[in-house]
Amino acid sequence: MIETASVNGKITALAEATVPVLDRGFQYGDSVYEVTRTYGGVPFLLDEHFERLENSARLSKIKLSRTRSESLEEIKRAVTAAKPLAGEDVFVRFIVSRGVGALDLDPATAGPNTFVVIVKPIPPWKKDFYDKGMILFIPTIRRNSPRTLDPNIKCGNYLNNILAVAEAKEQGADDALCLSVDDKLTEASNSNVLFVSGSKVLTPLHEPETDTGNLRGITRTLLQSLCKEAGIVYEERPLRERDLEKMDECFVTSATREIMPVREIRSSSGPRHRFTEGGGATTKKLQELYGQYIEKYKSSHNAEAWF
Ligand code: PDD
């Protein structure tokens with residue numbers, strides 16, 4: 001495929017796409033975005049991604065200048081222009097910035113939105129991440145509090161997550177597992193984190209009234225319903241670093257990583273926590289259920305295929 005971008009409907013090769021320097025997405029990270037992908041040409045869980053985008057826009061007081069169907073048309077045009085081969089899976093990032101404005105924080109000075117679509121191949125995650133699992137490091141930097149910048153706003157300001165992943169990489173780990181400012185586990189830099197303890201799947205609770213929060217991941221929400229169907233207990237609850245001792249398995253979820261095992265969690269102060277390499281029995285079961293769900297989704301949504 002040809003890596004492609006669309007900026008307010010203008011389609012170019014990705015490397016040539018530009019936004020104005022006065023765009024507030026560029027100036028302030030004043031934008032919201034989504035990442036989805038296709039399976040066999042079928043866009044995956046697009047309604048859920050649009051709902052989350054609209055929620056992020058509402059929480060950031062960004063007025064959307066395009067309707068869902070107008071946005072969808074621009075996305076489809078960009079995907080078609082990328083000329084993916086039949087069966088090739090594409091990564092789609094769509095970004096809504098508040099728009100171009102004066103150099104003034106007042107959001108009333110900006111608009112209409114800048115709508116950007118990026119179409120690329122799915123990130124080539126290291127094979128080792130699935131065969132063995134990732135190493136996560138608990139950095140000193142804390143995840144934004146829902147009372148400052150709510151992690152449920154999937155916004156263009158990822159500096160918090162960037163600093164976390166930078167610290168993790170400096171320590172030789174693959175990604176970060178961030179604590180909240182009130183010392184609870186939150187999420188990895190761009191994925192949710194889940195654990196298996198005995199027969200239960202556990203994941204940090206989003207607690208908007210406190211300082212602990214994480215993004216309501218669409219992959220994790222899907223997993224919640226797959227657990228329910230399979231009779232596996234799934235619980236969102238406050239979790240702390242000391243709870244890691246009780247965890248038998250660990251994995252992260254996101255649209256592009258799907259279900260990726262974690263083999264070790266390190267921190268500068270505490271002990272190392274090791275989990276089954278390549279994921280334990282429950283992680284593998286969930287990967288299997290996820291794969292089956294995708295196959296069913298592809299056939300039941302065939303009419304919506306983009307290519
Ligand atoms: N990231 N938490 C954060 C901070 C994220 O950025 C993401 C997604 C997730 C998982 O959400 P989902 O299951 O809906 O992909 C959790 C995307 C993939 C990204 O920024 O590339």
### Message
Does any part of the side chain of E48, heavy atoms only, come nearer than 4.5 Å to the side chain of T221, both counted from C-beta?
### Response
no
The side-chain hydrogen bond (donor to acceptor under 3.5 Å, both in side chains) partners of S145 (sequence neighbours excluded) come to D211
Measuring centre to centre across the rings, with the benzene-like ring taken for any Trp, is Y33 within less than 6.0 Å of Y158?
yes
Side-chain donor-acceptor contacts of residues 56-64 below 3.5 Å, not counting sequence neighbours, with atom names and distances?
residue : atom : partner : partner atom : Å
S56     : OG   : R52     : O            : 3.1
S56     : OG   : K154    : N            : 3.1
R58     : NE   : N55     : OD1          : 3.4
R58     : NH2  : N55     : OD1          : 2.5
S60     : OG   : S56     : O            : 2.4

dist L105:CG -> L103:CG (nearest 0.5 Å) comes out at 9.5 Å
### Task
Indicate if L177 and V165 have the same hydrophobic cluster label, given that clusters are the connected sets of ILVMFWY residues with side-chain heavy-atom separations under 4.5 angstrom.
no
Applying ring pair (Phe, Tyr, Trp, His ring centres under 6.0 Å) to F44 and not counting sequence neighbours gives Y39, Y297
Residue pairs meeting ring-ring contact (aromatic ring centres under 6.0 Å, His included), one or both in residues 53-85, sequence neighbours left out, come to none
Correct closest heavy-atom pair for I218 and L45 would be CG2-CD1, 3.6 Å
Here the gap from T36 atom OG1 to L53 atom CG, rounded to the nearest 0.5 Å, amounts to 12.0 Å
Tell me which donor-acceptor pairs under 3.5 Å the side chains of residues 231-243 have, and how far apart each pair is, sequence neighbours excluded?
residue : atom : partner : partner atom : Å
Y234    : OH   : E236    : OE2          : 2.6
E235    : OE1  : R237    : NE           : 3.0
E235    : OE1  : R237    : NH2          : 2.8
R240    : NH1  : D182    : O            : 3.4
E241    : OE2  : S267    : OG           : 3.0
D243    : OD1  : K246    : NZ           : 2.9
D243    : OD2  : R240    : N            : 2.7

Practice item. Give a yes-or-no answer on whether the side chains of N192 and R216 include a donor-acceptor pair shorter than 3.5 Å. Key: no
message: Quick one: does any side-chain atom of T186 pair with a main-chain N or O of N214 as donor and acceptor, under 3.5 Å?
response: no
Heavy-atom nearest pair, N8 first then E74, reads C-OE1, 3.8 Å
On a heavy-atom basis, the closest approach of S180 and R142 is O-NH1, 2.8 Å
Apart from I11 itself, its cluster of hydrophobic side chains linked below 4.5 Å comprises none
Pairing of K132 and E277 as salt bridge, 4.0 angstrom limit:
no
Quiz prompt | Distance-only polar pair, side chains of S189 and N161, donor-acceptor under 3.5 Å | solution = no
- prompt: Passes side-chain contact (heavy atoms from CB on, under 4.5 Å), V96 versus S31? Steps please.
  reply: CA-CA 5 Å; V96 178; S31 62; over 6 Å; no
Distance-only side-chain donor-acceptor flag, T109 / D104, under 3.5 Å
no
Apart from F137 itself, its cluster of hydrophobic side chains linked below 4.5 Å comprises none
Are V32 and V19 linked, directly or through intermediate hydrophobic residues, by side-chain heavy-atom contacts shorter than 4.5 Å (ILVMFWY only)? no
Practice item. Examine V196 and L185 and state if one hydrophobic cluster contains both, with Ile, Leu, Val, Met, Phe, Trp and Tyr joined whenever side-chain heavy atoms are less than 4.5 Å apart. Key: no
Where do V92 and R37 land on the side-chain contact (heavy atoms from CB on, under 4.5 Å) test, with the steps shown first?
-> CA-CA 6 Å; V92 181; R37 56 167 295 161; over 6 Å; no
Should M1 and P121 count as side-chain neighbours, where that means a heavy-atom distance under 4.5 Å? yes
Sequence neighbours excluded, the answer for ring pair (Phe, Tyr, Trp, His ring centres under 6.0 Å) partners of F195 is none
Same apolar cluster: Y130 and V252, side chain cutoff 4.5 Å | yes
Is E209 salt-bridged to R147, going by a charged N under 4.0 Å from an acidic O?
-> no
Residue pairs passing the salt bridge (charged side-chain N to carboxylate O under 4.0 Å, His left out) test with at least one member in residues 90-99, sequence neighbours excluded, are D30-R98
Common cluster, L202/I138, ILVMFWY with side-chain heavy-atom separation under 4.5 Å = yes
The side-chain hydrogen bond (donor to acceptor under 3.5 Å, both in side chains) partners of H206 (sequence neighbours excluded) come to N152
> Any side-chain donor-acceptor pair under 3.5 Å between E167 and T140?
Replying inline: yes
**Q.** Check: V35 and N190 side chains under 4.5 Å, non-hydrogen atoms
**A.** no
Between K76 and E73 (salt bridge meaning N to carboxylate O under 4.0 Å), is one present in this structure? yes
Inset, instruction - Would you check, one step at a time, whether the test side-chain contact (heavy atoms from CB on, under 4.5 Å) holds for Y290 with T253? - result: CA-CA 11 Å; Y290 193 76; T253 59; over 6 Å; no
Heavy-atom nearest pair, T4 first then A78, reads CG2-O, 3.8 Å
Across all chains, not counting sequence neighbours, the ring pair (Phe, Tyr, Trp, His ring centres under 6.0 Å) partners of F91 are none
| task | Evaluate the side-chain proximity of L136 to E264: yes if any heavy-atom separation is below 4.5 Å, no if none is. | result | no
Quick note, ring-ring contact (aromatic ring centres under 6.0 Å, His included) partners involving residues 66-87, not counting sequence neighbours, are none
Dump the intermediate steps for side-chain contact (heavy atoms from CB on, under 4.5 Å) on M247 and E249, then the final yes or no. CA-CA 6 Å; M247 306 304 181; E249 299 176 35; over 6 Å; no
